[in-house]
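Worksheet: one structure, shown below.
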There are 2 protein chains.
Amino acid sequence: MKVTIKMIAEEAGVSMTTVTNVLKNRTDRVSKEKIELINDIIKKYNYTPNMNARSLANSSSNLIGLLYHSVGGRIDFSDPFVSELLAGIEEKTKDNGYFVLVYNIETVDDVIKVQKNWKFEGFIIVGLSENSFEEIHKNIPSDTPIVFVDTHLTADMEKEFINLPNRYIISSEDRQAGHEATKFLISQGHRKIGFLGFTFNENEPGVINERFYGFKKALQESSISFDYRFFFTDKEFEKITDVLEEITALVVSSDYLAINLIHYLRMRGLYDKKKLSIIGFDDVSYAKFLDPPLTTIRLNQKNKGIIAFNLLNKAIHGESVDKITNLSGDLIVRESVTNVASKIGKQARRKNEK
Amino acid sequence: MKVTIKMIAEEAGVSMTTVTNVLKNRTDRVSKEKIELINDIIKKYNYTPNMNARSLANSSSNLIGLLYHSVGGRIDFSDPFVSELLAGIEEKTKDNGYFVLVYNIETVDDVIKVQKNWKFEGFIIVGLSENSFEEIHKNIPSDTPIVFVDTHLTADMEKEFINLPNRYIISSEDRQAGHEATKFLISQGHRKIGFLGFTFNENEPGVINERFYGFKKALQESSISFDYRFFFTDKEFEKITDVLEEITALVVSSDYLAINLIHYLRMRGLYDKKKLSIIGFDDVSYAKFLDPPLTTIRLNQKNKGIIAFNLLNKAIHGESVDKITNLSGDLIVRESVTNVASKIGKQARRKNEK
DNA sequence: TTGAAAGCGCTACCAC
DNA sequence: GTGGTAGCGCTTTCAA
């Protein structure tokens with residue numbers, strides 16, 4: 001049998017209001033004796049309020065929407081990159097008394113749907129492009145805070161963004177990460193370097209776009225010209241096999257993609273880590289267990305999830321929060337990159353590994 | 001501005017009841033013209049009903065609770081074993097118009113909490129021991145269906161379970177899996193075989209317990225006696241190093257644990273796949289990318305998630321459903337197990353790999 | 001066919 | 001301090 005405020009009020013011989021006041025800890029409005037009495041009854045029946053009624057009555061709900069954006073099913077929970085973020089969020093969220101509704105959004109309609117169906121305290125939305133960002137931002141009332149994870153904005157848009165109330169961004173320094181990854185390859189003597197990433201829109205900022213930008217910048221700084229023949233998307237593994245003799249290294253936009261490529265090549269007897277160095281991004285939990293252990297830029301997704309929640313939590317409580325947070329990546333040197341410049345440095349390659 | 005039924009009714013010049021009837025497709029109670037008119041308005045405002053109000057008024061909610069049981073934080077979303085299940089569930093769930101609330105439960109109180117806070121259509125609960133199973137089962141009304149994933153019951157309990165309305169179980173044939181894994185090691189000439197698993201209660205059935213049972217059975221069938229010195233928990237890696245010279249193979253209760261062990265040994269210079277064969281369970285997505293590629297029993301978590309949802313969905317709609325579903329595992333032969341019996345068979349070891 | 005009204009459980013406002 | 005009550009948006013029962 002469901003226990004309600006009314007029942008508690010009856011048993012205690014008080015009004016519903018008084019019970020509510022006790023529930024809400026408005027101690028100045030209820031006498032000490034009643035507080036105790038009511039609390040005892042609450043405990044006795046193990047009463048917990050009905051969230052639907054509560055959400056209906058006011059606007060609070062303790063519900064947080066974790067929305068994953070996926071175009072064409074690209075985002076998959078089995079990708080550790082995704083689940084590690086979730087791990088971070090889930091952990092904090094529960095400790096703070098929230099509930100998380102996980103929803104995969106493909107179109108704006110999906111957002112409108114969750115949005116109207118439930119009352120949310122706030123949203124954490126992952127992986128939105130700038131275009132989708134605008135649409136979605138407009139469709140969620142400005143009194144509901146949103147933390148956008150891994151959304152990148154053009155400079156113009158960013159200026160606007162700064163003034164948007166209740167909208168926050170947390171992402172990695174993807175440009176810097178791409179730059180660092182590439183610089184590392186160059187430092188190891190590589191000159192013919194390719195780039196492999198999930199398909200992205202070159203005219204719109206985004207995680208991969210940013211990494212690609214950092215990649216090109218690093219090449220440029222070393223006066224290396226980039227040959228677009230060495231640019232590949234995740235659908236073009238076979239194109240890579242064609243130029244295997246021409247490139248010595250590859251910047252791959254995620255560990256996940258990197259190991260898939262290695263596997264693809266290996267199955268065809270084409271993988272030789274001495275001849276093709278590979279650096280990834282993320283440092284997923286098993287990157288160090290791979291063959292070869294992956295050299296990568298650690299982005300620490302779990303930590304990102306924790307911070308995303310903290311931002312949201314503060315925003316919900318009306319505390320002031322940084323509009324844009326950028327987490328820097330760390331180069332993790334393992335064994336998928338070979339030094340082709342000299343024989344020295346083989347030791348150094350392990351420095352980051354414990 | 002939120003659109004409500006009332007507003008729609010006003011604009012259409014009808015009563016709320018009529019709008020509801022259209023919403024519910026009760027076409028026999030409304031005239032054709034009004035149906036069209038109302039539908040137009042609904043479309044125009046992109047109306048979607050408020051779930052909180054709806055849930056409050058009736059008992060439906062379109063909400064499914066995905067509850068992960070973790071004692072001492074053992075279950076972690078970054079463990080692919082967990083996230084792959086979620087991937088399967090999320091996929092189906094959305095297609096069928098449900099929303100998923102993900103919650104990590106540690107105690108029965110946690111269950112009571114979610115349970116009273118929200119109205120759920122049903123639950124998918126993962127990783128419950130028999131004891132917790134009973135407690136939780138009792139605390140959720142019997143008209144709410146629950147699918148228990150990976151819960152194992154003793155024979156007595158199982159008899160009772162069969163008659164419990166709205167309770168279902170889906171799990172893997174863990175005993176058979178343990179048996180198969182061990183038999184494979186034996187077929188490869190191993191005789192000194194150890195077992196490594198997360199700590200478990202020997203008196204209570206459970207995933208690892210079952211695998212261990214199958215393990216012992218296989219040994220027995222080959223008249224190999226089991227030495228408890230070769231039994232290890234996840235906290236006892238160093239105990240393994242002590243007997244490294246004595247055992248030639250290890251059955252490890254999950255891929256996740258297996259790679260952690262390999263890494264642990266490798267870091268100490270103690271890993272030699274020729275001298276220590278390892279077989280895991282799950283076949284997590286990256287098992288084939290590891291060094292060495294892991295020989296394992298594939299359990300297909302994603303598929304399990306899909307099936308779990310299907311069971312629940314049918315149960316919610318009152319269709320009859322199998323009380324207990326068992327998914328069999330498949331031996332996937334890769335390279336972490338060495339044939340110590342003969343020189344032949346090295347070819348065969350690759351047969352399962354594409 | 002259509003509509004009025006009660007009630008789901010809770011909160012906030014206002015009165016005593 | 002305490003209590004009454006309207007109302008959140010929706011569904012269902014009963015009446016017209």
Side-chain angles (χ1 to χ4, degrees), chain A residues 1-39 41-42 45-63 113 115-121 141 143, chain B residues 1-39 41-42 45-63 113 115-121 141 143:
Chain A
M1 185 57 212
K2 286 256 142 89
V3 193
T4 67
I5 285 194
K6 199 173 172 185
M7 292 164 65
I8 303 216
E10 270 167 19
E11 180 151 344
V14 300
S15 75
M16 287 167 60
T17 309
T18 305
V19 177
T20 300
N21 282 142
V22 173
L23 249 13
K24 290 264 143 80
N25 266 321
R26 297 195 245 264
T27 48
D28 51 327
R29 299 201 204 160
V30 193
S31 65
K32 283 236 165 73
E33 309 89 62
K34 301 220 168 181
I35 293 186
E36 272 193 34
L37 172 63
I38 292 171
N39 273 328
I41 300 180
I42 287 176
Y45 289 112
N46 212 306
Y47 168 82
T48 43
N50 175 315
M51 278 295 172
N52 287 122
R54 179 176 275 186
S55 305
L56 186 58
N58 35 265
S59 285
S60 116
S61 66
N62 282 327
L63 231 206
K113 206 158 114 198
Q115 223 283 108
K116 291 202 175 167
N117 267 282
W118 307 91
K119 283 234 168 83
F120 288 95
E121 301 273 356
D143 57 354
Chain B
M1 184 57 213
K2 285 256 144 89
V3 191
T4 67
I5 285 193
K6 198 174 171 185
M7 293 165 64
I8 303 220
E10 270 166 20
E11 178 151 347
V14 300
S15 75
M16 288 166 59
T17 311
T18 304
V19 176
T20 300
N21 282 140
V22 173
L23 249 13
K24 290 267 146 77
N25 266 319
R26 296 197 246 263
T27 47
D28 51 328
R29 300 202 203 157
V30 192
S31 64
K32 283 234 165 74
E33 309 88 61
K34 302 220 167 181
I35 294 187
E36 269 192 35
L37 172 63
I38 292 171
N39 272 328
I41 300 179
I42 287 176
Y45 290 112
N46 212 308
Y47 167 82
T48 42
N50 175 315
M51 277 297 172
N52 286 122
R54 180 176 272 185
S55 304
L56 186 59
N58 34 259
S59 285
S60 118
S61 65
N62 283 327
L63 231 204
K113 208 159 111 199
Q115 222 282 107
K116 290 201 176 169
N117 266 282
W118 307 92
K119 283 235 168 82
F120 288 95
E121 302 273 357
D143 57 355

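Keep in mind that what you see is a predicted model, and the values were worked out from it rather than measured. Chain identifiers are assigned alphabetically (A, B, ...) following the order of the sequence lines, protein sequences preceding nucleic acid strands; residue numbering begins at 1 within each chain.
- Side-chain nitrogen and oxygen atoms of B/Thr18 include none within less than 4.0 Å of the OP1 or OP2 phosphate oxygen of C/dT2.
- Taking both residues in full, the closest heavy atoms of A/Pro141 and A/Gln115 are given as CD-NE2, 3.5 Å, listed atom of the first, atom of the second, then distance.
- Within the model, atoms CD1 of B/Ile41 and CE of B/Met7 stand 11.0 Å from one another, a figure rounded to the nearest 0.5 Å.
- In this structure, B/Met7 places its CE atom 12 Å from P of D/dC8, rounding to the nearest Å.
- The side chain of A/Leu56 approaches D/dC8 more closely than any other nucleotide in the set D/dC10, C/dC8, D/dC8.
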Pairs: protein N or O with nucleotides 12-14 of chain C N or O, under 3.5 Å:
residue : atom : partner : partner atom : Å
C/dA12  : OP2  : A/Arg26 : NH2          : 3.2

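- Atom NZ of A/Lys32 sits about 15.5 Å away from atom CG of A/Leu37, to the nearest 0.5 Å.
- Note on B/Ser55: every side-chain N or O is 4.0 Å or more away from OP1 and OP2 of D/dC10.
- The phosphate of D/dG9 (OP1 or OP2) has no side-chain N or O of B/Tyr47 nearer than 4.0 angstrom.
- Distance, B/Ile5 CD1 to C/dG7 P: 19 Å, rounded to whole Å.
- Remark: C1' of D/dC10 and CD1 of B/Ile42 are 13 Å apart, rounded to the nearest angstrom.
- Between the side chains of A/Thr18 and A/Ser15, at least one donor N or O lies within less than 3.5 Å of an accepting N or O.
- Among C/dG9, D/dG4, C/dT2, the nucleotide with an atom closest to any side-chain atom of A/Asn50 is C/dG9.
- Interatomic distance, A/Asn117 CG to B/Arg54 CZ, rounded to the nearest 0.5 Å: 8.0 Å.
- Distance check: A/Asn52 CG to B/Asn50 CG gives 9.0 Å after rounding to the nearest 0.5 Å.
- Rounding to whole angstrom units, CD of residue B/Glu10 and C1' of C/dG3 are separated by 14 Å.
- The CG-P distance, from A/Asn52 to C/dG9, rounds to 11 Å in whole Å.
- One atom, CD1 of B/Ile8, and another, P of C/dG3, lie 15 Å apart when rounded to the nearest Å.
- A/Asn21 places its CG atom 14 Å from the P atom of D/dG4, with the value rounded to the nearest Å.
- Residue contacts shown for A/Asp28 are limited to sugar-phosphate atoms, with no base heavy atom under 4.0 Å away.
- Once rounded to the nearest 0.5 Å, the distance linking CD1 of B/Ile38 with OH of B/Tyr47 reads 12.0 Å.
- Mapped onto DNA chain C by nearest heavy atom, B/Ala53 and B/Gly13 fall at different nucleotides, with B/Gly13 at the one closer to the 5' end.
- With axes fitted over five pairs at each extremity, the angle between the ends of the helix from C/dT1-D/dA16 to C/dC16-D/dG1 is 40° (10° resolution).
- Between A/Glu121 and A/Asn62 the shortest side-chain heavy-atom distance falls below 4.5 Å.
- Comparing C/dG3, C/dC8, D/dC10 by their closest approach to the side chain of B/Thr4 singles out D/dC10.
- Proximity of a side-chain donor or acceptor of B/Ser55 to a complementary backbone N or O of B/Lys119 within less than 3.5 Å is not detected.
- Nucleotide C/dC8 holds its C1' atom 16 Å from the CZ atom of A/Arg54, rounded to whole Å.
- Taken to the nearest 0.5 Å, the CG atom of A/Leu63 stands 12.5 Å off from the CE atom of B/Met51.
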